[in-house]
Protein chains: 2
Amino acid sequence: MVVPSGPAFQYLKVKTHLREGIASGRWRPGERLPSEAELTEAFGVSRMTVNRALRELHQEGMVERVQGVGSFVAQLHRIASTLTVRDVHDEIAARGHQHEAQVHLLEEVAATEAQAAEFQLQPGARLFHSIIVHRDNGVAVQCEDRLVNPACAPDYQAQDFTQVTPTHYLLEVAPLSEARYTIEAQRPSPLEAKLLGMPRGEPCLVVRRCTLSLGQVVTVVRLVHPGGRWMLQGSFQA
Amino acid sequence: MVVPSGPAFQYLKVKTHLREGIASGRWRPGERLPSEAELTEAFGVSRMTVNRALRELHQEGMVERVQGVGSFVAQLHRIASTLTVRDVHDEIAARGHQHEAQVHLLEEVAATEAQAAEFQLQPGARLFHSIIVHRDNGVAVQCEDRLVNPACAPDYQAQDFTQVTPTHYLLEVAPLSEARYTIEAQRPSPLEAKLLGMPRGEPCLVVRRCTLSLGQVVTVVRLVHPGGRWMLQGSFQA
DNA sequence: CAGTGGTCTAGACCACTTG
DNA sequence: AAGTGGTCTAGACCACTGA
């Protein structure tokens, strides 16, 4: 026969079988799984199909594979979860709330030594600088303090950021290739506390993100969220 | 010919070509990419190879595919980054530092109504409760307040958590299948402030995580980190 | 209808590891 | 040498879309 019964999602059958065996503890972490040849025989499918199942489980971090040796249940010590850092506007809109943005500053500055180093530019090079406060149904939830590389977004200062967020605009003009970020708890700066309308002593969730496009640093942003008004959420499967 | 030159990682050539075209803006977000047939011809490879390249780009969130229509450059609005929440011990050890754990409490409690609901158990059901402080070279960096479902880890109370972290132990006895978490900034509770040796008013990074195994809630944990002593890091490619 | 992606096969050659 | 995974082919059938 050529194709026995058409697409029956055979690779999913194999994948599910292995996933359930791992989840149920039938195969313990570090233990060896059946070889591709064994699974090929057991399921009566081609090796490519078994290979895809195992490859995807590997990509999902559930299985480790060693050429010439075999496939093994991964040691799931780390919980690598997908944290979705979405555009504020989308996040607020998704809750059915009203998003407002207030531009408090939009200027051109000369890079300090530290800033120049981060942008891989010369000290004193021009940078755009913006400070924008985002509100959810009128409540200030984020203060966005951003530096932008003019080489990547020459028209940055001409945008109306009450209508389109900088995140959205920058993703349009400079396709994202890499991002690095840190998340920590801090007190707001005096200016941030004033702009967010919160006491100086209240904790804030601070996300700092550096975004690259084609190896160039496009923008570095500090996002300050009042502790009681904003929270990151995520989940992890498998 | 059967195989022209052995593994030359053809699917990577196709993948790289598309990835660079997207990153360089040659294909804009929403724009249509060449069909599998066109790529098959252009690269002189089989369709399976092209298919793998496109499928992986789709799995990475860079390409959207619609059956019967075509493949398109994804709208990269969301920045879905892989945040690695590792075991404290590993994280501290990875820096070459000394990890110490201090067990402040290890008891059995009756579930409150809210706790019972979260664990999908009856109010008053038994739960294990532990409070452990983790130190990095003697500095308290995390207060771990944890509830555990006895059905998943009956021997929880018999463990020596100065030697093996609860995270590590629980992953051994109850393979992880799903986790949900939130990250926010808060002040520590009076007890947490005391255990961590920090002022009440200092901000903390608080991670709350609910872990499931085989559809059962295994554990709910609150991880409190002094603001200046701990930070989450992550990065995102493509 | 033609074109697209989704899946699958039954082989193949190769690099690698272990006995 | 035998077994493993890594890659690849040249076909195939199918479901879906849009003109």
Side-chain angles (χ1 to χ4, degrees), chain A residues 1-19 21-22 27-75, chain B residues 1-19 21-22 27-75:
Chain A
M1 61 346 222
V2 181
V3 173
S5 65
F9 298 87
Q10 304 287 1
Y11 81 95
L12 283 180
K13 287 186 194 163
V14 179
K15 214 174 147 179
T16 303
H17 175 254
L18 293 171
R19 166 173 273 143
I22 292 169
W27 295 295
R28 311 293 307 177
E31 196 172 333
R32 185 161 161 206
L33 294 167
S35 72
E36 295 193 355
E38 287 165 341
L39 290 166
T40 293
E41 172 131 10
F43 282 84
V45 298
S46 80
R47 199 190 134 206
M48 272 299 274
T49 302
V50 165
N51 179 271
R52 175 167 175 188
L54 279 164
R55 180 164 20 96
E56 291 194 359
L57 287 171
H58 171 64
Q59 286 167 343
E60 292 165 20
M62 193 165 231
V63 163
E64 292 301 328
R65 314 195 71 188
V66 185
Q67 193 172 131
V69 183
S71 302
F72 304 85
V73 180
Q75 311 277 354
Chain B
M1 59 345 224
V2 180
V3 173
S5 64
F9 298 87
Q10 304 287 1
Y11 81 95
L12 283 180
K13 286 185 193 162
V14 179
K15 211 173 150 180
T16 302
H17 175 254
L18 293 171
R19 165 173 274 143
I22 292 170
W27 295 295
R28 311 294 306 177
E31 197 172 331
R32 183 161 163 206
L33 294 167
S35 73
E36 294 193 356
E38 287 165 342
L39 290 166
T40 293
E41 173 130 9
F43 282 84
V45 298
S46 79
R47 200 190 134 206
M48 273 299 276
T49 302
V50 165
N51 178 269
R52 175 167 175 187
L54 279 164
R55 180 166 16 99
E56 291 193 0
L57 287 172
H58 171 64
Q59 286 167 342
E60 292 165 21
M62 194 165 228
V63 164
E64 293 300 329
R65 314 194 72 188
V66 185
Q67 193 172 129
V69 183
S71 302
F72 304 84
V73 180
Q75 311 276 355

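By convention in this document, chain letters (A, B, ...) are assigned in the order of the sequence lines, proteins followed by strands, and residues within each chain are numbered from 1.
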Roughly how many Å is it from [atom1] in [X] to [atom2] in [N], rounded to a whole number?
X: His58(A); N: dG6(D); atom1: NE2; atom2: P; result: 7 Å
X: Gln67(A); N: dG6(D); atom1: CD; atom2: C1'; result: 5 Å
X: Glu56(B); N: dT7(D); atom1: CD; atom2: P; result: 8 Å
X: Leu57(B); N: dG5(C); atom1: CG; atom2: P; result: 13 Å
X: Phe43(B); N: dT7(D); atom1: CZ; atom2: C1'; result: 17 Å
X: Leu18(A); N: dG5(D); atom1: CG; atom2: P; result: 11 Å
X: Glu36(B); N: dA15(D); atom1: CD; atom2: P; result: 18 Å
X: Arg32(B); N: dT17(D); atom1: CZ; atom2: P; result: 15 Å

In dot-bracket notation, what is the pairing pattern of DNA chain D, taking Watson-Crick (N1-N3 plus N6-O4 or O6-N4) and G-U wobble (N1-O2 and O6-N3) contacts under 3.5 Å, with [ ] crossing and | for other strands? ||||||||||||||||||.
With rounding to the nearest 0.5 angstrom, report the [atom1] to [atom2] distance, [X] to [Y].
X: Ser71(A); Y: Glu64(A); atom1: OG; atom2: CD; value: 10.0 Å
X: Glu36(A); Y: Thr49(A); atom1: CD; atom2: OG1; value: 10.5 Å
X: Leu54(B); Y: Leu39(B); atom1: CG; atom2: CG; value: 6.0 Å

Please figure out whether Leu12(B) or Val69(A) has its closest DNA chain D nucleotide nearer the 5' end.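 It is Val69(A), whose closest nucleotide lies nearer the 5' terminus.
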Would you indicate, yes or no, if dC8(D) has its OP1 or OP2 atom less than 4.0 angstrom from a side-chain nitrogen or oxygen of Tyr11(B)?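 No, Tyr11(B) has no side-chain N/O under 4.0 Å of OP1/OP2 on dC8(D).
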dG6(D) OP1/OP2 closer than 4.0 Å to side-chain N/O of Arg65(A):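 For Arg65(A), the contact criterion (side-chain N or O under 4.0 Å from OP1 or OP2 of dG6(D)) is met.
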Short of 4.0 Å, heavy atom to strand atom, which residues of residues 45-55 of chain B count as contacting DNA chain D?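 Within residues 45-55 of chain B, the residues near DNA chain D are Val45(B), Ser46(B), Arg47(B), Met48(B), Thr49(B), Arg52(B).
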Crowding at CD, Gln59(B) (>12 non-hydrogen neighbours, <6.0 Å):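 Result for CD/Gln59(B): enclosed.
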Around atom CD of Glu31(B), are there more than 12 heavy atoms from other residues, nucleotides or ligands closer than 6.0 Å?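 Count over threshold, so yes.
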Would you say Glu60(A) and Leu57(A) make side-chain contact, with heavy atoms under 4.5 Å?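 Yes - at least one pair of side-chain heavy atoms lies under 4.5 Å apart.
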Do Glu56(B) and Arg55(A) make a side-chain contact, defined as non-hydrogen atoms from C-beta onward lying under 4.5 Å apart?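 Side chain of Glu56(B) against side chain of Arg55(A), heavy atoms only: contact under 4.5 Å found.
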Closest heavy-atom pair and its distance - Ala74(A), Gly61(A):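 Minimum heavy-atom contact is CB-O, 3.4 Å.
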Closest heavy-atom contact between Val45(B) and Thr40(B)?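 Closest approach of Val45(B) to Thr40(B): O-CG2, 2.9 Å.
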